Participant: 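Below are the structure tokens for one structure; questions will follow.
Here the structure is a predicted model, which is why all the values come from computation and not from measurement.
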2 protein chains.
Amino acid sequence: MPIKIGELAKRTESTVETIRYYEKEGLLPEPSRSEGNYCLYGEKHIERLRFIRHCRTLDMALGEVRTLLRFRDAPDEDCGDVNILLDEHIRAVEIRVEELMQLKQHLMTLRQKCESTAPTSSCGILRALSDRSCHA
Amino acid sequence: MPIKIGELAKRTESTVETIRYYEKEGLLPEPSRSEGNYCLYGEKHIERLRFIRHCRTLDMALGEVRTLLRFRDAPDEDCGDVNILLDEHIRAVEIRVEELMQLKQHLMTLRQKCESTAPTSSCGILRALSDRSCHA
DNA sequence: CATGAACCCTCTAGTGGCTTCAGAGTCAAG
DNA sequence: CTTGACTCTGAAGCCACTAGAGGGTTCATG
């Protein structure tokens with residue numbers, strides 16, 4: 001039943017190196033070992049690692065994941081703080097989207113400054129990027 | 001006329017440390033020195049650094065900036081590749097925005113799984129994050 | 001002329017979340 | 001008995017800075 005690290009990686013969409021990194025960080029409990037000193041993992045590890053990877057695909061920092069894991073490990077506590085963490089994370093993503101959309105506008109304005117393939121000396125893009133006043 | 005590093009930082013919305021980092025990376029040419037071994041910068045440095053900072057506010061990686069600087073330093077070359085670089089960068093930003101908006105959807109779906117402040121053991125959010133099939 | 005504050009110098013290490021590498025060990029199949 | 005796939009440990013590299021230690025310079029003030 002116990003599986004080795006490569007199998008664990010396959011089952012959790014992670015890599016062997018990432019797993020070892022999480023272990024070093026204390027996010028995963030130490031596995032037991034085989035006679036030949038191979039790490040052996042069980043269902044608990046699979047679940048926990050899937051939880052972590054799932055959080056990471058949702059772009060949460062490992063610190064946030066660590067917090068969520070603490071809640072997961074304390075089933076009697078109030079989960080209101082989980083909601084707060086999530087709300088804050090959603091807000092952070094929103095802000096980043098807004099920033100990036102502004103950025104894209106700037107880039108597109110910049111892009112229009114040079115449609116042709118002229119020598120770089122007359123390239124409006126390079127000129128605009130050197131300019132102090134015109135921020136894109 | 002020549003200015004010291006603190007003044008350069010002020011005029012280019014950067015910091016002293018960032019400037020020294022760019023120098024080490026070869027993005028800025030070595031400045032001349034005063035008698036007391038202070039770095040002395042001129043108009044060329046100001047322009048070049050502003051160019052770099054401007055690119056960075058547009059979220060370009062230093063590798064991209066390096067490429068653009070090479071074009072800037074070769075005024076007779078064709079600037080078509082500048083356009084290509086910019087188009088690719090715009091596309092990358094677009095993709096990231098799409099990813100983040102998907103992400104936000106996932107997060108909001110997840111958030112709805114727990115409106116109350118129950119014990120974590122019955123928190124729908126934590127449950128969903130552990131679940132393999134339900135990706136948010 | 002001495003003192004102190006504000007600036008500057010070099011060099012090193014730390015951040016996050018991995019990834020890559022070197023050098024060795026383990027195990028099953030042919 | 002060798003090959004090849006897997007595993008182990010530990011250290012270094014990635015990006016774009018940021019922070020800190022431990023000193024030197026410059027200039028105004030007492």
Participant: Rounded to whole Å, please give me the gap between CD in E25(B) and P in dT18(D).
Facilitator: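 After rounding, the reported distance stands at 14 Å.
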Participant: Return a table of donor-acceptor pairs under 3.5 angstrom between the side chains of residues 32-39 of chain B and protein atoms on other chains or two or more places apart.
Facilitator:
residue: R33(B); atom: NH1; partner: N37(B); partner atom: O; Å: 3.2
residue: R33(B); atom: NH1; partner: N37(B); partner atom: OD1; Å: 3.1
residue: S34(B); atom: OG; partner: G36(B); partner atom: N; Å: 3.3
residue: S34(B); atom: OG; partner: Y38(B); partner atom: N; Å: 3.0

Participant: By the 4.0 Å heavy-atom rule, please label R53(B) as base, sugar-phosphate, or nothing.
Facilitator: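 Counting heavy atoms under 4.0 Å across all strands, the contact made by R53(B) is with sugar-phosphate only.
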Participant: Between atom CG in D59(B) and atom P in dC17(D), what is the gap in whole Å?
Facilitator: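 Distance, rounded to whole Å: 10 Å.
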Participant: Give the B/S/- string for nucleotides 1-13 of chain D, one per nucleotide from 5' to 3', where a protein heavy atom under 4.0 Å of the base yields B, of only the sugar-phosphate yields S, and otherwise -.
Facilitator: -----BSBB----
Participant: Starting from the 5' end of DNA chain C, give me the residue, E35(A) or R56(A), whose nearest nucleotide shows up first.
Facilitator: R56(A)
Participant: Which is the 5'-most and which the 3'-most nucleotide of DNA chain C that has an atom under 4.0 Å from a heavy atom of chain A?
Facilitator: dG17(C) to dC27(C)
Participant: Can you spot which of K10(B), K4(B), R11(B) makes a side-chain hydrogen bond (donor to acceptor under 3.5 Å, both in side chains) with E7(B)?
Facilitator: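 Per the side-chain hydrogen bond (donor to acceptor under 3.5 Å, both in side chains) rule, the option paired with E7(B) is R11(B), out of K10(B), K4(B), R11(B).
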Participant: Closer than 4.0 angstrom, basic N to acidic O: yes or no for D73(A) and R66(A)?
Facilitator: no
Participant: Hey, does R96(A) have a side-chain heavy atom less than 4.5 Å from the side chain of R96(B)?
Facilitator: no
Participant: Would you say the side-chain atoms of R56(A) pair up with the backbone N or O of F51(A), donor to acceptor, closer than 3.5 Å?
Facilitator: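 Side chain of R56(A) to backbone of F51(A): no pair is present.
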Participant: Mind checking if S34(A) touches a base, just sugar-phosphate, or nothing, with heavy atoms under 4.0 Å?
Facilitator: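 Nothing, no nucleic acid heavy atom in range.
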Participant: Please find the pair of heavy atoms, one from T12(A) and one from I46(A), that lie closest to each other, and give the distance.
Facilitator: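 Result for this residue pair: CG2-O, 4.0 Å.
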Participant: Could you tell me whether the side chain of R53(B) reaches within less than 4.5 Å of the side chain of T18(B), counting heavy atoms only?
Facilitator: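 A side-chain contact under 4.5 Å exists here.
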Participant: So, for P2(B) and L40(B), which heavy atoms are closest and what is the spacing to 0.1 Å?
Facilitator: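 Closest approach of P2(B) to L40(B): CB-CB, 4.0 Å.
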Participant: Nearest-Å distance, OH (Y22(B)) to C1' (dA16(D))?
Facilitator: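 So the OH-C1' distance, Y22(B) to dA16(D), works out to 7 Å.
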Participant: Whole-Å distance between dT18(D) C1' and L62(B) CG?
Facilitator: 15 Å
